Amino acid sequence: MSLPQHLALIMDGNGRWAAHRGMSRTEGHEAGVKTAQKVYRHCRNLGIRHLTLYAFSKENWQRPKDEVSFLFGLVTRYFTQKELRELMERDIRLQVLGELEDLPATTRKVLESYMEKTAGNSSMTLNLALNYSGRDEIVRAARLLLQDGLRPEEITEEALASRLYTVGQPDPDFIVRTSGEYRLSNYLLYQAAYSELYFTHTHWPDFDEAELDKALAEYAHRQRRFGRTGEQVESPTK
Ligand code: IPE
Ligand code: IPE
Ligand code: MG
């Protein structure tokens with residue numbers, strides 16, 4: 001079965017999952033973290049090399065203060081010594097895609113120490129898109145191109161891509177969004193040029209190993225053409 005090299009997930013629907021159960025939104029986020037844990041382990045077992053989880057967008061700062069601080073608290077609480085051991089045992093490198101400077105100091109410190117400690121791991125890269133905005137990422141890359149003094153003719157797709165948060169990683173082959181919304185919400189805008197997209201009505205906390213396997217089975221049947229004809233893709237000698 002052909003697996004995506006890079007799988008990117010939009011973990012949506014924690015709030016609705018909780019509302020259906022008469023629970024608070026924060027309880028939904030709590031359940032969502034457990035799902036994220038299950039899913040990254042499953043991806044590692046399957047042999048997916050790059051996994052990106054959309055955890056917090058720049059636009060999410062507009063949410064009620066209590067919810068925002070709960071979410072960052074959750075990140076800090078979730079990154080325990082036990083979790084670090086798990087990442088080390090499974091040879092997983094943690095990366096953050098997004099602006100770390102604007103995060104609460106404790107959250108930033110925990111994430112920085114995890115990134116440092118797992119930097120040498122190479123079986124899977126786990127990217128946490130946190131305080132992330134795809135448009136902002138492109139603007140930031142443009143600024144870096146200028147700062148680095150590139151001449152107009154030196155500004156290529158490669159030069160720009162090497163200034164994105166995902167530098168050195170393949171573009172996402174497969175983007176999965178839960179909870180029935182059919183949009184990207186500012187996720188990996190540059191990198192998603194040829195990503196296969198998949199949407200499910202399942203709310204994130206209910207997205208388990210079997211749901212992921214179902215999505216991956218569909219991915220395996222997709223024909224990726226990158227602008228060529230179907231015939232060219234099927235017999236590359238044509
Ligand atoms: C996704 O669930 C988690 C974050 C965006 C942080 P939501 O909180 O967006 O849940 P819904 O979309 O309101 O159900
Ligand atoms: C996208 O979900 C961001 C994350 C999953 C972190 P949102 O719930 O913020 O997206 P919109 O606002 O419905 O587009
Ligand atoms: Mg949402």
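Remember, predicted model here, so these are calculated numbers, not experimental data. One-based numbering, in listed order, for ligands and for the atoms of each.
- Ring planes of Phe79 and Tyr114: perpendicular class, angle over 60° (limits at 30 and 60°).
- A ring-centre distance under 6.0 Å is found for Trp61 and Phe72.
- The hydrophobic cluster containing Val139, built from Ile/Leu/Val/Met/Phe/Trp/Tyr side-chain heavy atoms closer than 4.5 Å, comprises no other residue.
- Inter-residue side-chain proximity for Glu30 and Leu74 is flagged as met; some heavy-atom pair is nearer than 4.5 Å.
- Under 4.0 angstrom from ligand 2, there are no non-hydrogen atoms of Gln62.
- Using a 3.5 Å distance cut-off with no hydrogens or angles, the side chains of Gln191 and Thr166 do pair a donor with an acceptor.
- With respect to Asp102 and Arg108, no salt bridge is recorded, no charged nitrogen being found less than 4.0 Å from a carboxylate O.
- Set against the non-hydrogen atoms of Arg183, the atoms of ligand 2 under 4.0 Å away are 11 (P), 13 (O), 14 (O).
- The number of protein N, O or S atoms lying under 2.8 Å from the Mg ion (ligand 3) is 1.
- Listed by chain and number, Met11, Asp12, Gly13, Asn14, Gly15, Arg16, Arg25, His29, Ala55, Asn60, Arg63, Leu71 each place a non-hydrogen atom less than 4.0 angstrom from ligand 1.
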So Glu209 and Arg44, salt bridge (Lys or Arg N to Asp or Glu O under 4.0 Å) or not? Walk me through it. CA-CA 12 Å; Glu209 290 92 339; Arg44 172 68 183 89; over 6 Å; no
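- Within the structure, ring-ring contact (aromatic ring centres under 6.0 Å, His included) pairs that include any residue of residues 27-49 do not occur (at least two apart or interchain).
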Between Arg225 and Gln223, is a side chain to side chain contact (heavy atoms under 4.5 Å, CB included) present by the stated rule, with each step listed? CA-CA 6 Å; Arg225 296 200 193 110; Gln223 187 190 50; 2.6 Å; yes
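- Between Leu145 and Ala159 the shortest heavy-atom distance is CD2-O, 3.8 Å.
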